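Reading through the structure tokens given below for one structure.
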There are 2 protein chains.
Amino acid sequence: MENVPRLDRLIQRLESAEGLDDLQVAIEELRDQLGVDHLVYHWVSSNGEQYGCGTYDLEWVNRYVEKGYLRVDPVIQGCYQRFHPVDWKRLDWSSKAARQLLQDAIKHGVGNQGYSIPIRGPNGQFALFTLSHNASDEDWEQFTNDNRRDLILIAHYFNQKALELEPGRKPEQAQALSPREIEAMTLLAVGYSRAQAADTLSISEHTLRVYVESARFKLGALNTTHAVAKALSRGVIVV
Amino acid sequence: MENVPRLDRLIQRLESAEGLDDLQVAIEELRDQLGVDHLVYHWVSSNGEQYGCGTYDLEWVNRYVEKGYLRVDPVIQGCYQRFHPVDWKRLDWSSKAARQLLQDAIKHGVGNQGYSIPIRGPNGQFALFTLSHNASDEDWEQFTNDNRRDLILIAHYFNQKALELEPGRKPEQAQALSPREIEAMTLLAVGYSRAQAADTLSISEHTLRVYVESARFKLGALNTTHAVAKALSRGVIVV
DNA sequence: CGCCCCCTCGCAGTTTCTGGGGAGTGAGAT
DNA sequence: ATCTCACTCCCCAGAAACTGCGAGGGGGCG
């Protein structure tokens with residue numbers, strides 16, 4: 001495993017990428033240059049669709065999806081709650097499902113070591129930039145320490161380009177909620193009933209209802225719970 | 001204006017900061033070293049609370065808050081929709097309130113040029129790392145281009161430390177949900193009614209109800225919407 | 001072998017939410 | 001100066017969710 005080579009040139013390549021294919025080529029080259037087993041960038045969008053590119057076997061990717069590993073993966077859950085890159089060893093693998101996932105992953109060629117960088121974009125976008133490799137704890141620690149900053153930057157530029165190139169993200173640009181709508185949704189998100197929320201805002205329950213309906217419409221949600229979930233995952237409201 | 005000096009040492013200083021005061025000192029030193037007029041880190045939250053440190057006059061900060069500029073500031077709104085750092089010139093200053101804000105800002109010593117880096121953390125955290133200065137368009141463009149990568153990194157480490165030090169962050173690790181409970185909550189979060197969700201899982205509606213109640217209890221939530229919101233913001237479920 | 005948790009199912013009554021109407025004011029934008 | 005949009009209020013009826021009662025089988029762990 002070597003240090004990130006020619007950071008400047010790599011970032012320039014990323015910036016000049018014109019299609020998702022270019023990102024796939026870039027990630028493979030970077031994998032080779034770093035000398036790690038796998039390098040993956042993947043993005044979970046709020047509507048469930050996800051785009052990713054990387055060097056995992058297709059078989060493993062499909063298996064991961066089919067088995068619903070997304071829901072039990074400590075890497076996902078851990079990164080979702082963290083800001084800084086995280087070594088897989090520091091995550092919580094105590095649950096049975098998690099250990100099973102890890103064994104399965106190793107069996108499919110994912111290394112015993114991993115390092116994942118969480119990245120967040122507008123509208124609740126969340127992506128991971130992950131390295132995996134077979135190495136000793138010491139070597140891996142050394143490697144990740146040496147390259148952390150460059151990897152953070154690469155992940156950033158990678159995500160920037162993915163955001164640019166990702167099709168179908170404009171329609172998802174929902175209308176902004178009005179201040180009152182945001183207040184109403186926020187109160188519902190922290191457990192208030194409509195009556196309580198209306199009382200808190202000193203308006204009639206009917207008025208509050210109008211806000212919630214309006215917000216539901218703007219967010220394209222099917223019901224109040226859905227609307228709160230969408231508002232949260234897009235960062236429209238914060239609890 | 002000079003290039004970012006001694007990036008390594010600066011990041012080390014940030015990493016070893018033990019209090020918010022250290023961050024204030026760090027930001028002032030960095031400002032002096034960069035030779036820009038102002039450098040500000042602030043954490044924007046929609047409910048109004050915010051923490052920040054920087055070199056703006058206290059008078060200006062207070063005025064900004066009192067006037068409710070937060071709601072009309074194109075810097076906030078623009079960065080909220082973007083991932084990459086943005087030059088203030090590229091934002092939309094067409095609205096009357098925005099131009100008024102800009103004039104007011106310049107009058108209070110904020111430079112005519114600005115550059116803001118959006119940063120996002122877990123649970124919808126959103127912060128800005130902003131430079132402002134008096135300079136010509138050409139000089140400013142040159143400066144920001146030369147320092148972009150280093151500034152992104154600094155902003156990242158700054159935010160990491162701010163997240164660590166932020167007092168109001170309670171771990172509050174709740175009980176884990178069972179697989180079935182996670183499935184149930186996830187379906188509700190994507191807009192399914194209880195009946196639909198039960199149908200999807202091929203169980204009776206009542207059984208599904210038991211899961212939801214159980215999850216609500218484990219999450220310490222007051223109702224289903226609250227439970228979904230808590231599960232989402234804790235990363236227990238991913239939509 | 002109990003104990004605890006996970007999974008599964010039923011009934012009934014009460015409360016809340018949803019969706020369909022209509023209506024008036026004020027601020028900001030064209 | 002009109003016009004849009006946010007904000008406020010009201011009624012009604014049906015659909016859905018919540019509350020509280022109870023019940024049994026299966027699996028892991030001390």
Side-chain angles (χ1 to χ4, degrees), chain A residues 71-72 94-97 99-100 174-189 191-230 236, chain B residues 67-69 71-74 77 92-101 174-229 236:
Chain A
R71 308 247 172 255
V72 297
S94 60
S95 91
K96 208 162 98 181
R99 281 194 302 270
Q100 190 182 323
Q175 298 178 58
L177 300 190
S178 76
R180 253 350 206 179
E181 285 161 358
I182 291 177
E183 287 181 289
M185 297 300 287
T186 304
L187 289 175
L188 293 187
Y192 285 43
S193 70
R194 293 202 304 198
Q196 288 174 314
D199 204 51
T200 304
L201 297 179
S202 303
I203 56 177
S204 78
E205 184 177 339
H206 304 100
T207 302
L208 185 118
R209 215 187 65 192
V210 173
Y211 295 148
V212 176
E213 274 175 35
S214 170
R216 202 168 53 219
F217 178 76
K218 286 181 179 174
L219 293 165
L222 299 167
N223 54 46
T224 301
T225 299
H226 191 199
V228 168
K230 279 198 163 189
V236 176
Chain B
K67 287 267 191 177
Y69 281 151
R71 303 246 172 251
V72 297
D73 193 340
Q77 304 197 348
D92 174 23
W93 296 93
S94 61
S95 91
K96 210 162 94 182
R99 282 194 301 271
Q100 191 182 324
L101 160 62
Q175 295 180 63
L177 301 189
S178 76
R180 260 337 210 185
E181 286 160 357
I182 291 178
E183 287 182 289
M185 298 300 288
T186 303
L187 289 175
L188 293 187
V190 297
Y192 285 44
S193 69
R194 293 202 305 201
Q196 288 174 314
D199 204 51
T200 303
L201 297 179
S202 303
I203 56 179
S204 77
E205 183 177 340
H206 179 269
T207 301
L208 184 119
R209 218 186 62 195
V210 173
Y211 295 149
V212 176
E213 274 173 31
S214 170
R216 202 167 55 216
F217 178 75
K218 287 181 181 174
L219 292 165
L222 298 168
N223 53 46
T224 301
T225 300
H226 191 197
V228 168
V236 175

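Order of the sequence lines fixes the chain letters, A, B, ..., with proteins taken first and strands second; residue numbering starts at 1 for each chain. All of these numbers come straight from a predicted model, not from anything done at the bench.
A donor-acceptor distance shorter than 3.5 angstrom exists from the side chain of A:Arg180 to the backbone of A:Leu201, with no hydrogens or angles considered. No donor-acceptor pair under 3.5 Å is formed between the side chain of B:Ser214 and the backbone N or O of B:Val210.
Among the atoms of the strands shown, base atoms are found under 4.0 Å from some heavy atom of B:Val210. Base contact: B:Arg194 has a heavy atom under 4.0 Å from a base atom. Counting any heavy atom pair closer than 4.0 Å across all strands shown, B:Thr207 reaches a base atom.
One finds the CD atom of B:Glu181 at 10.5 Å from the CD atom of B:Glu183 (value rounded to the nearest 0.5 Å).
The distance between atom CG of A:Leu208 and atom C1' of C:dC17, rounded to the nearest whole Å, is 12 Å. Rounded to a whole Å, the CZ atom of B:Phe217 is 10 Å from the P atom of C:dC5. Atom CD in B:Glu205 sits about 12 Å away from atom C1' in C:dC9, given to the nearest Å. Nucleotide D:dA6 holds its P atom 15 Å from the CE atom of A:Met185, rounded to whole Å. For the pair B:Tyr192 OH and C:dC17 C1', the computed distance is 21 Å after rounding to whole Å. Distance, A:Glu183 CD to D:dC7 P: 9 Å, rounded to whole Å. C:dG19 atom P lies 9 Å from atom CG of A:Leu222, rounded to whole Å. Summarising the geometry, the separation between CZ on A:Arg180 and C1' on C:dG26 is reported as 15 Å, rounded to the nearest angstrom.
Closest to the side chain of B:Glu213, from the set C:dT18, D:dT19, D:dA16, is D:dT19. Comparing D:dA17, C:dG20, D:dC18 by their nearest atom to the side chain of A:Arg209 picks out C:dG20. Side-chain proximity of B:Ser204 to the nucleotides D:dC18, C:dG10, C:dC7 is greatest for C:dG10.
Looking at A:Arg209 and A:Glu205, no side-chain N of the basic residue comes within less than 4.0 Å of a carboxylate O on the acidic one, giving no salt bridge.
Side-chain N/O atoms of B:Lys218 include one lying less than 4.0 angstrom from OP1 or OP2 on C:dC6. Between B:Thr224 and D:dC18 there is a side-chain N or O to OP1 or OP2 distance below 4.0 Å. Phosphate proximity of C:dT15 to A:Ser193: absent, as no side-chain N or O sits under 4.0 Å from OP1 or OP2.
Both B:His206 and B:Ser214 lie close to DNA chain C; mapped to their nearest nucleotides by heavy-atom distance, the more 5′-ward contact belongs to B:Ser214.
At most 12 non-hydrogen atoms from other residues, nucleotides or ligands lie less than 6.0 angstrom from OH of A:Tyr192.
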